[in-house]
Amino acid sequence: MNAVTTPAAARELTTYVLRLADTSLVLAQRLSAWIGHGPAIEEDLGCANISLDLLGQARLLYAYAGELEGTGRTEDDFAYLREECDFLNATMAELPNGDFGQTIVRQCLLDLWRLELFEKLTQSTDTRLAQIAAKAVKEIRYHSRYSSGWLVRLGDGTDESHQRVATALVTLWPYVAEWFAADALEQALAERGVVPSVAAVQAGFEARLAPILREATLTRPSNVDYRWFGKRAQHSEHLSHLLAELQSLHRAHPGAQW
Amino acid sequence: MTPPQDWALYEVFVRAKRGLDHKHVGSLHAADAAMALEHARDLYTRRQEGVSLWVVKSADIVASAAEDAAAFFDPAEDKIYRHPTFYDIPKDVETL
């Protein structure tokens, strides 16, 4: 079954799919920066694998967005030829890597949110989105195993490692709020069963996070009122630098092939 | 890039498909067995090499010494009657 019946519905779904795709791409780009710099070569590979999975998810989603949009834009057009003000990724994905502990905290929070979201998206009334989610969810399940495993090790590790991830958690926590601040677009799609309700995803996320934080001897920070809105293209100062690097080759050599 | 000093070396064994044996494919560093298994997945099964993984601490493997090779293995050299050459193996049996 296809949930897209009107041009307006297609536009809504395109925007939503681009939010998912941009979050995957931007996070993939961030993680790939660990290659050659990880604490051990085994972790280089771990981050690289996750990065490649995310890139694969972004490609499937961009291809679908292009079809929905009907303008013939390709994966490369979406990734390389849009400006910062066009990107709709969740703000947390674009935040700097920091130390390995901060990367792990960012990854664990995003993994648990995306695991809950994509598991529910497999039930979407939009068949194509459900199929993409079904492929991605197997990957994200492994990612969350990797990142939550590390979070427990570092949180319940030495004083130094505990302090670092505890600080990172406080720094990153405010960016979680964006995911659960539903806007009109998400509400409209949820009413039609295309995407899960934000409240259900939040409940699932909190339920997954609580035991991990407990084992990692970390405290869930309290919520803040301020909201970032990367998903509405209101970004932190970090995204433009990330995109400059990501897009430089394609802009210097348009249409370059590998 | 050098792994932390308290990480141990593990040997990795991959089973390519059901019915075959686990084969040694290499080694890696990890803090404990659980991490070793995940590293093995990340390092040695990226191209669909396997359906099952074993990891064993390298220190737990007892190996024969090179200087014992003559005493260990040479005595078998002239005992050809130990080879099962008197049986016909059916052609269709592949993994025997």
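Convention: sequence-line order gives letters A, B, ...; per-chain numbering from 1. As a basis for the values below, the full set of heavy atoms in this structure was taken, side chains included, without hydrogen atoms, waters or symmetry mates.
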Tell me yes or no: between the side chains of A:Trp150 and A:Glu43, is some donor less than 3.5 Å from an acceptor?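 Yes, because at least one side-chain N or O of A:Trp150 sits under 3.5 Å from a partner of the opposite role on A:Glu43.
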
Atom group of A:Arg153 that falls short of 4.5 Å from chain B, counting heavy atoms: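 Interface part for A:Arg153: side chain.
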
Quick one: what part of A:Ile50 sits under 4.5 Å from any heavy atom of chain B, side chain, backbone, both or neither?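 Neither the backbone nor the side chain of A:Ile50 comes within 4.5 Å of chain B.
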
A:Thr103 vs A:Arg30, side chain to side chain donor-acceptor pair (under 3.5 Å): CA-CA, chis, key distance, verdict: CA-CA 9 Å; A:Thr103 293; A:Arg30 276 287 181 236; over 6 Å; no

Under 4.5 Å, heavy atom to heavy atom, which residues of residues 28-40 of chain B contact chain A?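 Expected list: B:Leu28, B:His29, B:Ala31, B:Asp32, B:Ala34, B:Met35, B:Glu38, B:His39.
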
Report, by ascending residue number, the residues of residues 43-82 of chain B in heavy-atom contact with chain A at a distance under 4.5 Å; give 'none' if the set is empty.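 B:Leu43, B:Arg46, listed by number.
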
So which heavy atom on A:Glu178 is nearest to which on A:Gly230, and how close?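 Of all heavy-atom pairs spanning A:Glu178 and A:Gly230, the closest is OE2-N, 3.0 Å.
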
Which of these, A:Asp111, A:Leu110, A:Ile212, sits in a side chain to side chain contact (heavy atoms under 4.5 Å, CB included) with A:Ser144?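 Testing each of A:Asp111, A:Leu110, A:Ile212 against A:Ser144, the sole residue satisfying side chain to side chain contact (heavy atoms under 4.5 Å, CB included) is A:Asp111.
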
Could you point out which residue of A:Glu119, A:Arg114, A:Lys120 forms a side chain to side chain contact (heavy atoms under 4.5 Å, CB included) with A:Val137?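 Result: among A:Glu119, A:Arg114, A:Lys120, A:Glu119 is the only option passing the side chain to side chain contact (heavy atoms under 4.5 Å, CB included) with A:Val137.
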
Considering only heavy atoms from C-beta outward, does the side chain of [X] approach that of [Y] to under 4.5 Å?
{"X": "A:Val17", "Y": "A:Ile132", "result": "no"}
{"X": "A:Val105", "Y": "A:Arg164", "result": "no"}
{"X": "A:Phe205", "Y": "A:Val176", "result": "yes"}

Taking the inter-plane angle between the rings of B:His24 and B:Phe13 on a 0 to 90° scale, is it parallel (under 30°), tilted (30 to 60°) or perpendicular (over 60°)?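 Tilted, since the angle between the ring planes falls between 30° and 60°.
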
Rounded to the nearest 0.5 Å, what separates atom OG1 in A:Thr74 from atom OH in A:Tyr62?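 Reported to 0.5 Å precision, the distance equals 11.0 Å.
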
